[in-house]
Enquirer: 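To start, I am sharing the structure in question, which I have written as structure tokens.
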Amino acid sequence: MATTTESGCLFIISAPSGTGKTSLIRALLGKDTHLRLSISYTSRPRRSAEIDGRDYHFVSKDIFRQMQARGEFLESAEVYGNLYGTSKKWIDDAIATGQDIVLEIDCQGAAQVRRFFSNAIGIFILPPSCRALEKRLVSRDQDDTEVIRKRLEAVREEVSHVNEFDYVIINDELEKALNGLACIVNAERLKRERQIEKHQVLITQLS
Ligand code: 5GP
């Protein structure tokens with residue numbers, strides 16, 4: 001298993017539920033064709049608008065546990081009673097080809113990934129207010145009242161991990177948040193160490 005991302009960047013994006021993270025990441029991927037999103041495995045039931053293989057790989061709890069026992073996940077976590085995990089093989093393949101990777105995972109998963117990839121870049125997305133968060137969770141009409149209550153209760157715990165991330169974005173207006181996200185991605189790509197590695201020949205010629 002690779003322990004460094006070498007030429008590609010590994011972005012971890014986390015956020016409390018209902019922050020608009022998924023729409024933001026979709027918009028980013030639409031704008032930036034060099035980013036690859038890892039599709040997680042989950043035991044959560046598929047929502048009506050979701051497509052297997054696009055939003056998640058939907059599997060039963062049994063299958064998930066078997067995959068876990070075979071060591072197929074880079075990280076895995078239980079979130080709101082469902083199991084979620086990132087495919088180790090997919091990450092290894094993406095790293096081998098030098099791609100920039102996006103992981104949309106929770107804080108528990110982010111901590112596990114950082115243990116393997118200390119140069120992973122953490123981005124935390126926050127809603128503009130508690131009210132906005134509650135409104136979004138209710139209006140998106142994806143989960144029942146009990147699930148929404150669980151998700152709201154979990155916000156405080158999730159936000160307590162903000163210090164573990166390198167960047168924080170407030171998702172008030174999509175365009176503004178998207179611009180912030182794109183700036184982070186570009187700035188990370190232009191970091192000295194990456195540029196020196198990528199442009200070794202040019203730098204040697206010029207020096
Ligand atoms: P949802 O059920 O709303 O799609 O996601 C619930 C939470 O699980 C979100 O915080 C999401 O980021 C997180 N999540 C999604 N995929 C993974 C994964 O592969 N690993 C971990 N640790 N969390 C995940």
Side-chain angles (χ1 to χ4, degrees), residues 10-29 35-61 63-65 67-68 70-94 101-117 120-127 133-162 164-165 167-169 171 177 181:
L10 175 58
F11 297 98
I12 304 174
I13 307 185
S14 297
S17 193
T19 309
K21 172 185 50 160
T22 305
S23 313
L24 201 50
I25 293 175
R26 276 206 193 139
L28 178 70
L29 294 173
L35 287 170
R36 291 279 169 276
L37 176 70
S38 158
I39 310 296
S40 298
Y41 284 78
T42 185
S43 69
R44 169 169 71 61
R46 190 176 61 80
R47 295 178 183 135
S48 57
E50 288 177 328
I51 297 175
D52 188 28
R54 182 196 71 176
D55 298 288
Y56 282 105
H57 298 290
F58 294 96
V59 293
S60 66
K61 266 197 174 148
I63 297 283
F64 192 99
R65 295 275 187 220
M67 292 177 73
Q68 218 169 16
R70 290 196 296 264
E72 292 180 21
F73 294 126
L74 167 67
E75 62 74 34
S76 59
E78 184 169 334
V79 190
Y80 317 120
N82 297 306
L83 303 168
Y84 295 83
T86 301
S87 161
K88 199 186 269 183
K89 182 175 183 315
W90 188 92
I91 296 290
D92 270 347
D93 291 349
I101 303 166
V102 176
L103 299 186
E104 182 187 346
I105 60 178
D106 85 323
C107 296
Q108 306 171 70
Q112 295 172 49
V113 172
R114 266 186 231 108
R115 263 180 246 140
F116 290 106
F117 300 104
I121 303 126
I123 306 171
F124 201 64
I125 301 172
L126 290 173
L133 186 70
E134 190 170 351
K135 228 173 115 185
R136 254 187 227 164
L137 279 175
V138 173
S139 69
R140 71 180 185 177
D141 203 25
Q142 282 178 348
D143 301 301
D144 61 38
T145 324
E146 178 55 19
V147 173
I148 291 176
R149 195 188 55 77
K150 264 196 202 165
R151 286 180 183 238
L152 280 170
E153 266 177 23
V155 171
R156 201 183 294 266
E157 204 285 320
E158 285 175 72
V159 175
S160 73
H161 293 275
V162 66
E164 297 161 20
F165 290 78
Y167 298 93
V168 177
I169 288 183
N171 190 14
L181 207 47

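Just so you know, ligand 1 is whichever comes first in the structure, and atom 1 is the first atom listed for that ligand. Residues: numbered from 1 along the sequence shown. As the structure is a computational prediction, the values presented were derived from the model and not from experiment.
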Enquirer: Show me, by chain and number, every protein residue that has a heavy-atom distance under 4.0 Å to ligand 1.
Expert: Lys21, Ser40, Arg44, Arg47, Tyr56, Glu75, Ala77, Val79, Tyr80, Tyr84, Gly85, Thr86, Glu104, Ile105, Asp106, Gly109, Arg151
Enquirer: For Phe64, enumerate each residue passing the ring-ring contact (aromatic ring centres under 6.0 Å, His included) test, keeping only those at least two apart in sequence or located in another chain.
Expert: Phe73
Enquirer: Listed by chain and number, what are the ring-ring contact (aromatic ring centres under 6.0 Å, His included) partners of Tyr56, not counting sequence neighbours?
Expert: Phe58, Tyr84
Enquirer: In plain terms, say whether Glu146 and Arg149 are close enough for a salt bridge, that is, a side-chain N and a carboxylate O under 4.0 Å apart.
Expert: yes
Enquirer: Can Val102 and Arg36 be said to form a side chain to side chain contact (heavy atoms under 4.5 Å, CB included), step by step?
Expert: CA-CA 6 Å; Val102 176; Arg36 291 279 169 276; over 6 Å; no
Enquirer: Quick one: side-chain hydrogen bond (donor to acceptor under 3.5 Å, both in side chains) partners of Ser17, sequence neighbours excluded?
Expert: Arg140, Arg151
Enquirer: With a 4.0 Å cut-off, would you call Arg26 and Asp55 a salt bridge?
Expert: yes
